[in-house]
Amino acid sequence: MKKDPTREALKAENEQLKRELRAMAEKSRVEQALKESERKYRQFFEESPVSLWEQDFSALKAHLDRLKKEGVTDIRGYFEKRPEQVKELARQVRIIDLNQATLRIYRAKSKSELLSGISKVFIEESYRGFIHALVAIAEGETLLVEEKRHQTLDGDILHIQLRWSVAQGYEKSYARVLVSILDITELKRTELALRESEERYRFLFNKMINGFVLCRVLYDENGAAQDLISLEINPAYERITGFGAHQVLGKRATRLLPNLDPEWFDIFYRIDRKGESILRESYLSDLDIWLRIAGFPVKPGHIGFTIEDITREKRALERQEKLENQIRHMQKMEAMGTMAGGIAHEFNNMLGIILGNAELGMDELSDDHPSLFNLRQIEMTTLRARDVVKQLIRFSHKMEEGERTICDMRTVLSDAMKLLRPLIPVNIEILEAIAAHCPPIKADAAQLHQLIINMGTNAIHAMQEKGGELQVTLNEVQVKPDREIREETLPLDLRAGHYVRLILSDTGSGIPQENLGRIFDPYFTTKEIGTGSGMGLAVVHGIVNGHGGGIHVNSIPGRGTDFHVFLPAAPEKPPENLAAVAAFPRGRERILFVDDERPIVEIGRYRLIMLGYEVAAYTEPSKAFAAFSEAPHDFDLLITDMTMPEMTGDILVQKVRKIRPDMKILLCTGYSDRMDPRKAARLGIGYLMKPISRKAFAEVVRQVLDGKI
């Protein structure tokens with residue numbers, strides 16, 4: 001059967017129509033989908049919390065392409081030299097659209113307000129940053145992320161992160177570029193504050209005076225702190241401890257400080273596990289320094305310490321305490337010396353009465369009288385008692401100037417050692433270091449003998465059980481005015497000058513610290529009862545101070561004791577020996593005798609009469625002065641006591657000398673802090689210490705009358 005052409009044509013046309021209808025339907029669907037997509041995009045674009053822009057860079061692209069054709073290869077260098085062109089190109093960027101988030105960032109009320117004031121957004125720095133975008137476009141980059149600074153319409157600086165990408169299909173023309181901007185101003189401020197804080201911390205960390213160390217705590221299986229690992233230290237820590245970072249960081253504390261007090265491990269635990277903070281002062285024997293240490297928790301398992309070197313402060317306090325102890329000791333010795341002087345005065349008066357009466361009694365008895373022996377025993381015992389009182393006088397820093405002579409300390413030491421050697425057991429060895437030359441000193445040689453014997457005996461006693469060595473050193477030293485207190489062998493009150501130094505060092509039992517400040521106290525002794533009087537070192541102290549010197553003691557229990565004695569060198573040359581004065585000289589002069597003790601007045605009057613003198617004796621200084629005032633030229637000599645309740649001897653002398661300046665004077669005293677041989681010599685008067693023997697009294701009276709004193 002033949003096909004109907006018309007029918008076939010209609011059928012084909014129908015099929016074509018169907019296809020066209022389907023195509024139209026598809027096109028409508030696509031267009032609708034595109035519209036929906038565009039709507040959604042616009043909704044997202046407008047409502048996005050991120051600042052979004054659509055921009056047209058085609059003018060930039062075209063300009064850059066022309067430059068490349070003209071042979072410009074260094075785009076960056078080209079525009080860095082042409083800042084005005086950069087600004088012109090920036091103005092050629094066409095803004096297609098921007099969203100609401102952009103208005104909020106730049107503080108614009110509307111898109112038109114922002115677009116009309118877009119030039120306010122860019123600051124000078126923004127244009128310099130725009131060169132990066134031009135270089136990226138010239139090199140065909142389709143994506144760029146950079147940070148830069150803009151400003152809001154009201155002038156506040158904005159830190160932004162800008163990201164632009166070329167829309168698909170526009171890679172050649174750059175006619176559509178999508179730009180997103182994040183406001184990172186607060187982030188930048190935080191970063192800046194953090195950086196500044198870190199810089200300040202690092203500055204303080206490096207410049208702070210106190211040391212700092214950050215540590216990690218190490219624990220044992222029982223949870224007890226057993227060590228620290230140092231993680232960070234500052235320069236001050238290195239300076240204070242002497243440890244460098246390479247010695248400390250990553251190292252255990254017990255390796256650096258093997259003698260660390262175990263108490264610290266409990267402190268580490270309390271700081272870390274209990275959150276305690278501590279502040280304490282500690283001596284580190286490994287470093288020989290004192291530290292003020294503050295410990296505090298940092299984070300679990302980590303603790304920090306600041307350290308302050310207080311060694312000088314501690315040493316100064318120790319020196320101050322030592323000086324205060326020396327001052328207290330000096331004050332105590334001064335008070336005890338004053339007391340001893342008062343006792344000596346009263347006792348000498350009593351001894352004078354006893355001695356005088358004994359001598360008078362012996363004068364009345366024949367050589368074979370049975371009581372003569374008893375009176376001589378009284379006389380000898382009184383003289384021995386006088387020597388004991390002299391020890392008190394020496395202890396009270398009063399010396400009889402007339403007893404001193406210029407002498408060589410080497411000779412004195414040699415003589416004293418001869419006396420001392422027989423007392424030294426065989427288990428004690430004597431070592432001597434005597435200087436070849438020492439300057440002479442002005443001293444009482446007998447007292448120096450006593451000083452050496454007393455100190456030597458003390459040293460021998462300290463070594464008598466185990467033996468040892470007695471080192472005797474003699475040399476000369478110069479004490480400068482600007483000496484430092486740290487010269488511990490120098491006594492506190494030692495003046496600047498030239499000295500002979502005697503050192504006696506033993507290796508004996510030493511002196512306990514609690515006794516060291518009392519060794520010069522009278523009657524203080526650690527010896528057993530009956531083996532020592534306790535006056536030995538007290539007498540030594542009195543002799544040294546009486547000679548204007550000083551004494552210092554160093555002692556370590558179990559290791560020995562060093563006595564350093566300083567005696568001032570004498571500037572003058574030794575005088576020639578004087579001829580001995582004949583005993584019991586006599587005379588016929590008229591003498592005024594004054595003493596508040598009647599027995600002493602009677603004894604003195606009798607002695608003088610027996611020597612041939614005429615005597616007027618008084619117990620009241622005012623009556624004596626009245627008698628002198630009536631007839632000042634009737635007397636050739638005034639003999640007066642020093643300490644009297646109504647009028648002291650020196651006052652009486654002054655009143656007498658006002659009437660008769662050439663009046664000869666002899667002053668007698670048992671003790672006085674107002675008069676000594678030196679003061680008497682300056683006043684041109686004689687001086688005698690009580691009790692006075694008949695022979696000494698007769699000799700001195702004659703010497704004063706003859707003008708020899």
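As a basis for the values below, the full set of heavy atoms in this structure was taken, side chains included, without hydrogen atoms, waters or symmetry mates.
- Nearest heavy-atom pair, L474 versus C438, reported as atom, atom and distance to 0.1 Å: CG-SG, 4.0 Å.
- Remark: R315 CZ is packed, more than 12 non-hydrogen atoms of other residues, nucleotides or ligands lying under 6.0 Å away.
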Given the rule in the side-chain hydrogen bond (donor to acceptor under 3.5 Å, both in side chains) test, do Y613 and R702 qualify, once you have shown the distances and angles that lead to the verdict? CA-CA 11 Å; Y613 299 105; R702 190 67 258 166; 3.3 Å; yes
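- Side-chain contact between V565 and M455: present, with at least one pair of heavy atoms (C-beta onward) separated by less than 4.5 Å.
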Would V653 and L683 count as a side-chain contact (heavy atoms from CB on, under 4.5 Å) here? Give the steps. CA-CA 10 Å; V653 169; L683 295 173; 5.8 Å; no
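- Residues V704 and G686 approach most closely at CG2-CA, 4.1 Å, considering heavy atoms.
- W290 has its side chain out of reach of E313: every pair of non-hydrogen atoms, C-beta onward, lies at least 4.5 Å apart.
- For the atom pair H547 NE2 and K442 NZ, the distance stands at 10.5 Å (nearest 0.5 Å).
- T507 places a side-chain N or O within donor-acceptor distance of the main-chain N or O of E469, the cut-off being under 3.5 Å.
- With contacts defined as side-chain heavy-atom distances shorter than 4.5 Å, the pair I441/C407 qualifies.
- Here E589 does not pair with K664 in a salt bridge; the nearest charged N to carboxylate O distance is not below 4.0 Å.
- Contact record, I659 with S629: CD1-OG, 3.6 Å, taken as the closest heavy-atom pair.
- Shown here for H498 and P439, the closest heavy-atom pair between the two residues is CE1-CG, 3.9 Å.
- The distance from atom CG of L611 to atom OH of Y606, rounded to the nearest 0.5 Å, is 10.5 Å.
- Counting only distance, with no hydrogens or angles, the side chain of T457 and the backbone of I453 share a donor-acceptor pair below 3.5 Å.
- A distance of 6.0 Å separates CD1 in I460 from CD1 in I428, rounded to the nearest 0.5 Å.
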Report the C-alpha distance between L448 and L567 in whole Å, list the side-chain angles of each, state the deciding distance to 0.1 Å, and finish with yes or no for side-chain contact (heavy atoms from CB on, under 4.5 Å). CA-CA 10 Å; L448 295 185; L567 297 171; 3.8 Å; yes
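- A donor-acceptor pair is defined here as one N or O able to donate and one able to accept, closer than 3.5 Å; no such pair exists between the side chain of T619 and the backbone of D595.
- Contact record, V594 with P621: CG1-CA, 4.0 Å, taken as the closest heavy-atom pair.
- Counting only heavy atoms from C-beta outward, the side chains of L413 and E432 never approach each other to under 4.5 Å.
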Could you walk me through whether V544 and F563 pass the side-chain contact (heavy atoms from CB on, under 4.5 Å) test, one step at a time? CA-CA 12 Å; V544 172; F563 280 85; over 6 Å; no
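- Listed by chain and number, the residues in a side chain to side chain donor-acceptor pair (under 3.5 Å) with K466 amount to none (sequence neighbours excluded).
- Between the side chain of D706 and the main chain of K708, no donor-acceptor pair closer than 3.5 Å is present.
- The number of heavy-atom neighbours closer than 6.0 Å to CZ of R660, taken from other residues, nucleotides and ligands shown, is above 12.
- Stacking of K623 on the aromatic ring of Y618 is not recorded, the 6.0 Å distance cut-off and the 45° axial limit not both being met.
- In this structure, the separation between CG on L638 and CD1 on I665 is 4.0 Å, given to the nearest 0.5 Å.
- Within the 4.5 Å cutoff, side-chain heavy atoms of I430 are placed close to those of I424.
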Given side-chain contact (heavy atoms from CB on, under 4.5 Å), test M610 with R694 step by step and report yes or no. CA-CA 11 Å; M610 294 300 293; R694 181 166 46 183; over 6 Å; no
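- Within the 4.5 Å cutoff, side-chain heavy atoms of K314 are placed close to those of E281.
- From M644, atom CE reaches atom OG1 of T669 across 10.0 Å, with rounding to the nearest 0.5 Å.
- Separation of atoms CD (E614) and CG (D636) is listed at 9.0 Å; rounding is to 0.5 Å.
- The neighbour count for R657 CZ, taken as heavy atoms of other residues, nucleotides or ligands under 6.0 Å away, is above 12.
- In terms of heavy-atom proximity, V701 sits nearest to L666 at CG2-CD2, 3.8 Å.
- Residues V472 and L502 have side chains in contact (heavy-atom distance under 4.5 Å, counting atoms from C-beta outward).
- Residues T473 and S505 have side chains not in contact (no heavy-atom distance under 4.5 Å, counting atoms from C-beta outward).
- A donor-acceptor pair under 3.5 Å links the side-chain atoms of D506 to the main chain of T561, judged by distance alone.
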